[in-house]
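Values below: every heavy atom of this structure, side chains too, minus hydrogens, waters and symmetry copies.
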Amino acid sequence: MPQIPEKIHELTVGQLSARSGAAVSALHFYEAKGLINSRRTSGNQRRYSRDALRRVAFVRAAQRVGIPLATVRQALAELPEERTPTHDDWARLSRAWRAELDTRIQQLARLRDHLTDCIGCGCLSLETCVLSNPDDIFGERLTGSRLLPERPRRDADAG
């Protein structure tokens, strides 16, 4: 892994990519989503402050556990400008995200446990289907094997 001398306070996108392990395209995406920031040189090249390394690590760790980027962006927005997330920040946020992750784990376990049933039925809307119609929430209003958006019915005489 390339070392960045301490006297260098800004990183090119290539250096940030090499150090963080994130693809250049991912870094551009993170920047477009407001997760990291850069400044532009007179030659219109991106330059990232060294704290972008920790922000990228924070984003990638959150992504690995399934936290949506919008949620990560909100968390980073709560930090004072340009401050990198600390261990305490991660601890606080991970406590807040724990309930969401527990719910997802329960949903995935339910999916795993009933996946064979779904393949067996094939219709994805039966009362027993836990994938697209858990607890038959659509069964009260709709029937059939597909769930289509409801459209207003047009009068047959209207042209």
Side-chain angles (χ1 to χ4, degrees), residues 1 4 11-39 46-154:
M1 178 179 305
I4 300 171
L11 308 172
T12 65
V13 70
Q15 289 170 323
L16 182 58
S17 173
R19 286 290 306 274
S20 68
V24 169
S25 59
L27 297 173
H28 291 169
F29 180 76
Y30 293 164
E31 188 172 355
K33 295 297 181 184
L35 298 165
I36 60 175
N37 298 310
S38 70
R39 73 168 186 86
R46 289 177 168 93
R47 293 294 185 262
Y48 297 91
S49 61
R50 291 177 70 90
D51 71 321
L53 279 169
R54 185 171 293 191
R55 290 177 83 88
V56 170
F58 182 88
V59 170
R60 295 185 79 202
Q63 280 186 296
R64 276 193 294 276
V65 297
I67 303 301
L69 287 179
T71 303
V72 175
R73 183 177 51 246
Q74 287 175 322
L76 289 171
E78 294 174 9
L79 300 175
E81 188 68 28
E82 300 300 318
R83 189 176 70 102
T84 59
T86 63
H87 180 272
D88 290 340
D89 293 327
W90 180 259
R92 177 179 48 82
L93 291 167
S94 65
R95 279 191 304 272
W97 294 337
R98 185 177 181 93
E100 180 180 338
L101 291 174
D102 287 342
T103 300
R104 286 191 192 166
I105 289 168
Q106 290 171 353
Q107 289 170 341
L108 285 170
R110 186 175 178 187
L111 171 64
R112 178 201 60 215
D113 294 344
H114 295 282
L115 188 59
T116 305
D117 297 339
C118 175
I119 292 170
C121 83
C123 86
L124 298 178
S125 69
L126 290 177
E127 189 172 316
T128 60
C129 184
V130 296
L131 295 179
S132 67
N133 191 15
D135 302 319
D136 196 26
I137 57 176
F138 294 108
E140 296 173 10
R141 297 184 301 136
L142 302 170
T143 61
S145 62
R146 290 200 258 170
L147 299 176
L148 299 174
E150 292 184 35
R151 296 182 183 162
R153 297 180 74 178
R154 293 184 359 180

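Interatomic distance, Ile67 CD1 to Glu100 CD, rounded to the nearest 0.5 Å: 5.0 Å. With values rounded to the nearest 0.5 angstrom, Arg60 atom CZ is found 13.0 Å from Leu35 atom CG. Note that CZ of Arg19 and CG of Leu53 are 5.0 Å apart. Values are rounded to the nearest 0.5 Å. Put simply, CG on Leu108 and OG1 on Thr103 are 11.0 Å apart, with the number rounded to the nearest 0.5 Å. In this structure, the separation between CG on Leu79 and CG on Leu93 is 7.0 Å, given to the nearest 0.5 Å.
Residues Leu11 and Arg47 form no side-chain contact, since every pair of their non-hydrogen atoms from C-beta on lies 4.5 Å or further apart.
Taking every heavy atom of both residues into account, Ala22 and Ser17 meet most closely at O-OG, 2.6 Å. A pairwise comparison of heavy atoms in Ser20 and Val56 identifies CB-CG1, 3.6 Å as the closest pair.
Annotation: ring-ring contact (aromatic ring centres under 6.0 Å, His included) contacts involving residues 85-110, sequence neighbours excluded, comprise Phe58-Trp90, Trp90-Trp97.
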Residues 24-31, side-chain donor-acceptor partners within the protein, below 3.5 Å, at least two apart:
unit_1, atom_1, unit_2, atom_2, d
His28, NE2, Arg46, NH1, 3.1
Tyr30, OH, Gln63, OE1, 2.6
Glu31, OE1, Ser38, OG, 3.4
Glu31, OE1, Arg46, NE, 2.9
Glu31, OE1, Tyr48, OH, 2.8
Glu31, OE2, Ser38, OG, 2.5

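Between Arg54 and Asp51 there is no salt bridge, since no side-chain N of the basic residue sits under 4.0 Å from a carboxylate O of the acidic one.
The local environment of CZ in Arg98 is sparse, with at most 12 non-hydrogen atoms from other residues, nucleotides or ligands closer than 6.0 Å.
When atom types are taken as modelled, the side chain of Asp89 and the backbone of Thr86 share a donor-acceptor pair closer than 3.5 angstrom.
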